[in-house]
Amino acid sequence: MKVPFLNLTAQYRPIKDEIAAALQEVLDTNAFAGGRKVERFENVFAPFCQTGHAIGVGSGTDALWMALLGLGIGDGDAVIVPVNTFIATAEAVSFAGTLPLFVDCDEYYNIDTAKLQKTLSAMSYEQRARLKAVIPVHLYGQMANMDEIMALAGEYGLAVIEDACQAHGAEYKGRRAGSIGDAGCFSFYPGKNLGAYGEAGAIVTNNAELAAKLRMFRDHGQQKKYYHSIIGWNARMDGFQGAVLATKLKYLDEWTKKRRQNALLYNELLAGVDGIQTPKEMPHTSSVYHLYVIQSDDRDGLQHYLEQNGVATGLHYPVPLHLQEAYSGLGYEKGDFPVAEKAAKRILSLPMFPELTEAQIGYVCDKISEFRR
Ligand SMILES: Cc1ncc(COP(=O)(O)O)c(C=O)c1O
């Protein structure tokens, strides 16, 4: 049996005609850059996220960078970022002219709030004055401990930008990803839970002033064509992507339900397997399982064995940010973030997508048990 890591064709097949009709409308109306289809998507995505506003942009990386700029965070400032995330979270901080400060993760792979508190209280007066925000990342589809993050942010006067790029529709105490902080940032990279057919992203917020600023910023700082009130950028969402995303959003809750069922089945079948640790859900959260990540002794051996048996897997992520060459200039060392460093050597992402069958999950788990025996 072959089990792919992701199967976008299986998702596309049943909605093919609907997608074709939506794309045809873009062609018929020439709404290629921004335009009506993007607006329509924003109007359904904001309530989906329980927020007042959604601003469609070019990518999740754009969304993070623009959220920082929109909140007035830039040159000479510092922002806290979890050390185990996709590099885009930190890149956005760096591109804003800001210093990323890393914090280790907890057992749920999200920013460890006890360590966040320790980092904050150990800062000098000057360091605290530079620090402007924290970016919790809802990694693998599970929301970070938002009550504690919001409390600490309140105490230290920090903005909170949620990196919800992997967490479309995830919940924390009934509140959806992106709706708790000052802004939430989403990626619609094709492999995401809500994926475009190209590059796209969005920022959601309940702050009307911030939303208006970001709408201007993504369109060269103009509200009226060729009248530029601020220096902006071209970060508009593509019209085709708006059409695809609005069509697919109708199915997202159903797809999430299937992802959760798949995760439960994996949990069940891997429960007794020696040396395997299945992912845990933090109380009061509902993960959307963008990724299903186990930990294993001899992870590399297991990955190789699965590959030989037709099962595709991934590593998210093999190197924590402080050990990436790109961030070697920050002065961090091996051993600074022991939880993330240990996890990086043990984690393995198993196939996860809504259309995964029980037989495929059964096969993957059989092969894992076989390897561990
Ligand atoms: C956690 C996280 N942050 C940011 C991004 C960046 O999103 P994009 O690839 O759309 O720029 C991604 C997606 O790859 C991500 O997973």
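Counting starts at 1 for both ligands and their atoms, following the listed order.
- Residue T61 approaches ligand 1 through these ligand atoms, each under 4.0 Å from one of its heavy atoms: 6 (C), 7 (O), 8 (P), 11 (O).
- Proximity of the aromatic rings of W65 and F217 is defined here by a centroid distance below 6.0 angstrom, and this criterion is met.
- When each atom of ligand 1 is checked for a heavy atom of G60 under 4.0 Å away, the hits are 7 (O), 8 (P), 10 (O), 11 (O).
- Close approach of ligand 1 to A88 is summarised as follows: ligand atoms under 4.0 Å from at least one heavy atom of the residue are 4 (C), 5 (C), 6 (C).
- The protein heavy-atom contact nearest to atom 3 (N) of ligand 1 is D163 OD2, 2.8 Å.
- In summary, the atoms of ligand 1 found under 4.0 Å from a heavy atom of Q166, numbered by their order in the structure, are 1 (C), 16 (O).
- Per-residue contacts place V137 under 4.0 angstrom from the following atoms of ligand 1 (heavy atoms of the residue considered): 1 (C).
- In terms of hydrophobic clustering, with Ile, Leu, Val, Met, Phe, Trp and Tyr side chains grouped at heavy-atom distances under 4.5 Å, L120 and I161 are assigned to a common cluster.
- Between F45 and F186, the two ring planes are perpendicular [angle over 60°; tilted spans 30° to 60°].
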### Task
Check step by step if side chain to side chain donor-acceptor pair (under 3.5 Å) holds for H53 and T205.
CA-CA 5 Å; H53 313 271; T205 182; over 6 Å; no
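- Those atoms of ligand 1 that come under 4.0 Å of a heavy atom in T85, given as number and element, are 1 (C).
- Residue contacts with ligand 1 leave out H290, since none of its heavy atoms falls under 4.0 Å from the ligand.
- E254 contributes no side-chain N or O that, together with a main-chain N or O of Y251, makes up a donor-acceptor pair within less than 3.5 Å.
- Side chains of L8 and L6 form a contact here, defined as non-hydrogen atoms less than 4.5 Å apart.
- Nearest non-hydrogen protein atom to atom 14 (O) of ligand 1 is K192 NZ, 3.0 Å.
- Aromatic pair F240/F32: ring centres closer than 6.0 Å.
- Close approach to S59 involves these atoms of ligand 1, each under 4.0 Å from a residue heavy atom: 10 (O), 11 (O).
- Of all atoms in ligand 1, listed by their number and element, those nearer than 4.0 Å to a heavy atom of C165 are 2 (C), 3 (N), 4 (C), 5 (C), 12 (C), 15 (C).
- Between F337 and H322, the angle of the ring planes goes over 60°, which puts this pair in the perpendicular group of the 30/60° scheme.
- Nearest-heavy-atom check against atom 10 (O) of ligand 1 across S187, G195, P190 picks out S187.
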